[in-house]
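The shown structure was predicted, so the numbers you read here are calculated from the model rather than taken from an experiment.
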Amino acid sequence: PPLPLAVGPNRVVHVSVLDGLCPGVLGFPKETLDAPGSAEVTLLEVTVVRREGCHGDVSCTYRTEQMSAMPGVDYEEVGGVLHFEEGVTEATFTLQIMPKRPGRVPDKLLVILTDVEGGATFALDEDGGPHSAILTINLGVTDGGSALLQMLDGWLNLDSFRLGLAEWADQVMSAIFIGGSLEAQRESSWQDVVLHCVAMPWKVVFSFVPPTVFCGGWVCFLVSLLAIACVTAFLADLAELFGCVLNIPDIVTAISFVALGTSMPDLFASLSAATQDPTADASIVNVTGSNSVNVFIGLGLPWTIASFAWAFRERTPEWVSKYGEQAAQYPTSCVFVVESRNLGFSVLVFGSTALGALALLYLRRQIVGAELGGPYWLKIASFFALIAYWFGYVILASWRVLRESQATFIESAAMIGGGAVAYVAASAWPGALLFSHWRQKKADAASAAAAAASPALGQVAPDAVPSAFPKPAEGPVEVDDWSDQVALEGIVDVPAKCFDTPCMHLMWSYLVRPEQGDLDPAQV
């Protein structure tokens, strides 16, 4: 009779053979981790795994980063270093989760791994990419609470709102005291007192700008824009009054005092970026971005609004008498008119000075390798050149406005020619220094190429090596006794590693006296 046998289901086991010498890939078991809400303090264990190898000792740093969850209210911030010894594939650390009040919405925070050492890497296809590993922790809620409270927490994040109010109060108090606190005020010098008295009105005004925790920073952004607009309008009116007292035309006041006053925030922002950031990008982009806003929005937006406004207005006798040419060109409508007058000349001078400034930055990048900083005298020369560009623009543009109708041909030629000579003179000093650095850089490159093409230092040409060395004399040997028998060319300033050859060991035996012992080859 047939045997009661049957073929069972086909089962496949996938076996991965790992490289025994691979340090591994660090990450989290999952990209998200849920923490249930609780009315008490809970400890959440976070696991970091080491996959695809466990050879050698590796380490990485970990830290928490807030999202909607607030540190100190929803969780306690942690950070440190995780160490994985040879063969260890897991490491853990504990995160303290604070009690969750009823009527709150779920919150999130991040745990980030960075700065891996020991040859390990992070997974390319996981959150964080090749430079980090990111775990998203979802904090749950507790039962209870009203729906209205949950709605408010979802809109405002009540915990961050409460912390923001406390931070706002500290911000106002720090603006009043010297150094930001009463303790620092007691230790301040008289220079700090003078500077604080000068800046205190502005500090107090801007201390009422709310912190960035409200509504994701949008409240701070909008209030800051409003405050900057108010300060700009105040400075513009003050400069206009100053020019009126001195009988200076508005356009001269605008390109000098108003422009200087409204550019002070850009100056200090660029200064902070230059001293704190590793690159010059933020310093230069801050200036170019500010000018772009001034041109495209500061001019374009008001002119566009004015064009629409004047398109719906009726013609008046005052408008017709003031703009007769435009009134004849548009006989049935009223248009917004902005006369250029000296705008073309001002743009031409500004374009020339801006071209010089951009050329200076470009040459610094190509020759010195940096737009900011560099050799001391080149920094000083670049500073004076840029200052001279600004003074030249202000002087020529102001002269054009003041002397447009009265200037003779000789006066115009003298001013324009003098401005050109001053422009070249201001550019000559940094240009000469850059040319000197370029020549030195070219000479260094030629020397490096010649050194690479010649025999390595310490290698003796075959015809310079004696065919046979005399046998070492018994007992101490004075160098002068045998120096006429051995060619010493090519041995001076020889690196120590060049003595790791049989020929050099043999020659070194002549340089070592028995009573001195072994000398360091680097002392040759």
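Listed here is the closest heavy atom pair of R50 and H55: NH2-O, 2.9 Å. Across S68 and D74, no two heavy atoms sit closer than the pair O-OD2, 4.3 Å. In terms of heavy atoms, V49 sits closest to P29 at CG1-CG, 3.8 Å. Of all non-hydrogen atoms in F206 and A227, the two that sit nearest each other are CE2-CB, 3.5 Å. Closest heavy-atom contact between W168 and S207: NE1-O, 3.2 Å. Scanning both residues, E126 and R51, for their nearest heavy atoms gives OE2-NH2, 2.7 Å.
A 4.5 Å side-chain heavy-atom check between P375 and V368 finds at least one atom pair inside the cut-off. Contact annotation: the side chain of Y75 approaches that of Q66 to within less than 4.5 Å [non-hydrogen atoms, C-beta and beyond]. When side chains are defined from C-beta on, L110 counts as touching T136, because their heavy atoms get closer than 4.5 Å. Within the 4.5 Å cutoff, the side chain of L82 has no heavy atoms near those of the S59 side chain. Taking the side chain as every heavy atom from C-beta outward, S263 and L267 never approach each other to under 4.5 Å. Counting only heavy atoms from C-beta outward, the side chains of Q185 and E183 never approach each other to under 4.5 Å. For the pair F234 and C230, the minimum side-chain heavy-atom distance is 4.5 Å or more. Residues F242 and L246 are in side-chain contact: their nearest non-hydrogen atoms beyond the backbone lie under 4.5 Å apart.
Formation of a donor-acceptor pair under 3.5 Å by the T353 side chain with backbone atoms of F350 is found in this model. Remark: side-chain polar atoms of D57 are paired, donor with acceptor, to backbone N or O of E86 under 3.5 angstrom. Put simply, the side chain of T275 gets close to the backbone of S272: a donor and an acceptor are under 3.5 Å apart. In terms of modelled atom types and a separation under 3.5 Å, the side chain of E52 and the main chain of V25 share no donor-acceptor contact. Within the 3.5 Å criterion, the main-chain N or O of A274 finds a donor-acceptor partner in the side chain of S283. Remark: side-chain polar atoms of S398 are not paired, donor with acceptor, to backbone N or O of I395 under 3.5 angstrom. No donor-acceptor distance shorter than 3.5 angstrom exists from the side chain of D192 to the backbone of S188, with no hydrogens or angles considered. Under a 3.5 Å cut-off, the side chain of Y62 and the backbone N or O of F93 do not form any donor-acceptor pair. Judged purely by atom type and a 3.5 angstrom limit, T212 has no side-chain atom pairing as donor or acceptor with the backbone of G217. Counting only distance, with no hydrogens or angles, the side chain of E76 and the backbone of I97 share no donor-acceptor pair below 3.5 Å.
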TODO: Take F296 and L301, measure what side chain to side chain contact (heavy atoms under 4.5 Å, CB included) needs, and give me the verdict at the end.
DONE: CA-CA 7 Å; F296 301 129; L301 186 60; over 6 Å; no
Task: Chi angles and distances behind the side chain to side chain donor-acceptor pair (under 3.5 Å) call for Y393, S346 - done: CA-CA 8 Å; Y393 165 73; S346 298; 4.8 Å; no
TODO: Assess whether side chain to side chain contact (heavy atoms under 4.5 Å, CB included) is satisfied between F28 and L113, documenting all intermediate values.
DONE: CA-CA 9 Å; F28 297 100; L113 303 179; 3.5 Å; yes
Task: From CA spacing to verdict: side chain to side chain contact (heavy atoms under 4.5 Å, CB included), T121, L26 - done: CA-CA 6 Å; T121 59; L26 301 184; over 6 Å; no
Open item on the list: Would T61 and T114 count as a side chain to side chain donor-acceptor pair (under 3.5 Å) here? Give the steps.
Closed with: CA-CA 5 Å; T61 61; T114 55; 2.9 Å; yes
Open item on the list: If you apply the rule side chain to side chain contact (heavy atoms under 4.5 Å, CB included), what do you find for L360 with S382, and how did you get there?
Closed with: CA-CA 8 Å; L360 178 60; S382 302; 4.1 Å; yes
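Between R364 and E371 no salt bridge is recorded (no basic side-chain N to carboxylate O distance below 4.0 Å). Salt bridge E411/R400: absent, no basic N to carboxylate O contact under 4.0 Å.
Within 6.0 Å of the CD atom in E31, the count of heavy atoms belonging to other residues, nucleotides or ligands exceeds 12. Atom CD1 of I410 has 12 or fewer neighbouring heavy atoms from other residues, nucleotides or ligands inside a 6.0 Å radius. Atom CZ of R403 sits in a crowded spot, with more than 12 heavy atoms from other residues, nucleotides or ligands closer than 6.0 Å.
Atoms CZ and CD1, from F122 and I134 in turn, are 10.0 Å apart once rounded to the nearest 0.5 Å. Note that OG of S256 is 6.5 Å distant from CD1 of I248, once rounded to the nearest 0.5 Å. To the nearest 0.5 Å, atom CG of residue L378 and atom CG of residue L363 are 10.5 Å apart. A distance of 7.5 Å separates CG of L396 from CD1 of I416, quoted to the nearest 0.5 Å. Taking CG of L135 as the reference point, atom CG of L109 lies at 8.0 Å (rounded to 0.5 Å). Separating the CZ atom in F268 from the CG atom in N286 is a distance of 13.0 Å, to the nearest 0.5 Å.
Aromatic ring centroids of F435 and W438 lie under 6.0 Å apart. Between F308 and F336, the distance separating the two ring centers is not shorter than 6.0 angstrom.
N247 pairs by the side chain to side chain donor-acceptor pair (under 3.5 Å) definition with nothing, not counting sequence neighbours.
Listed by first and then second residue, the salt bridge (charged side-chain N to carboxylate O under 4.0 Å, His left out) pairs that reach into residues 382-392 come to none, sequence neighbours excluded.
When each of V111, L33, T94, L139 is tested with L44 by the rule side chain to side chain contact (heavy atoms under 4.5 Å, CB included), just one qualifies, namely L33.
Ring planes of W429 and W377: tilted class, angle from 30 to 60°.
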